[in-house]
Amino acid sequence: MKSPRPGGTENVSVSMPSELLGALRTRTGKRGVSAYVTAAVRHQLAMDGLAEIVAAYEGEHEPLSEAEIQAAQRELFGDAPAPYASDTSAV
């Protein structure tokens, strides 16, 4: 493993499909890839943590109702459509 770079960063190698990398570079430019991937990983870690909190709560209590989920989405996102809303209308 390489030693960490100054400022707390470290180089890593990541494999991803070529078309995904192409779309990423189109959106960010070659030099913006690291910042974009860093933001995406931070976001995913936050979502993982939230899922763990919800699972722990539901393990001790009952599952969240649809009304509780919608209230949480309104609190987080206001009246805008929640970016992770489950689509129950397709069922």
Side-chain angles (χ1 to χ4, degrees):
M1 181 162 80
K2 295 179 181 178
S3 61
R5 295 174 64 191
T9 63
E10 188 175 332
N11 285 332
V12 297
S13 176
V14 177
S15 298
M16 68 176 64
S18 297
E19 67 275 2
L20 187 59
L21 182 57
L24 176 58
R25 284 184 173 150
T26 296
R27 181 170 296 276
T28 65
K30 186 175 182 179
R31 300 194 54 84
V33 170
S34 291
Y36 195 95
V37 171
T38 297
V41 170
R42 280 194 178 118
H43 175 79
Q44 185 60 51
L45 289 171
M47 294 298 98
D48 292 349
L50 181 58
E52 291 168 2
I53 291 168
V54 170
Y57 176 87
E58 291 182 336
E60 293 181 22
H61 306 283
E62 58 189 39
L64 295 172
S65 69
E66 187 61 33
E68 290 170 316
I69 293 169
Q70 289 176 2
Q73 289 173 339
R74 279 192 304 278
E75 187 172 331
L76 290 169
F77 306 111
D79 292 331
Y84 306 106
S86 59
D87 184 8
T88 56
S89 63
V91 176

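Computed from a prediction, not measured in an experiment: that's the story for all the values here.
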Note to self: When you group the ILVMFWY residues by side-chain heavy-atom contacts below 4.5 Å and let the links chain together, are Leu45 and Val54 in the same group?
What the structure shows: no
Check: Which heavy atom in Leu64 sits nearest to a heavy atom in Glu58, and how many Å separate them?
Finding: N-OE2, 2.8 Å
Item checked: Ile69 CD1 to Glu66 CD distance, which is reported to the nearest 0.5 Å -> 5.0 Å
Notebook entry, point to check: CG/Leu21 to OG1/Thr26 distance, rounded to the nearest 0.5 angstrom?
Noted result: 9.0 Å
Next item on the list: Decide if atom CD of Glu62 counts as having more than 12 heavy atoms of other residues, nucleotides or ligands within a radius under 6.0 Å.
Entry: no
Notebook entry, point to check: Got a sec, which residues hit side chain to side chain contact (heavy atoms under 4.5 Å, CB included) with Ile53, two or more places apart in sequence or on another chain?
Noted result: none
Margin query: Checking Asp48 now: which residues fulfil side-chain hydrogen bond (donor to acceptor under 3.5 Å, both in side chains) with it, not counting sequence neighbours?
Written below: Gln44
Note to self: Does Val37 form a side chain to side chain contact (heavy atoms under 4.5 Å, CB included) with Thr28? I'd like the steps, not just the answer.
What the structure shows: CA-CA 10 Å; Val37 171; Thr28 65; over 6 Å; no
Note to self: With clusters defined by side-chain heavy atoms of hydrophobic residues (ILVMFWY) lying less than 4.5 Å apart, directly or transitively, does Val41 cluster with Tyr36?
What the structure shows: yes
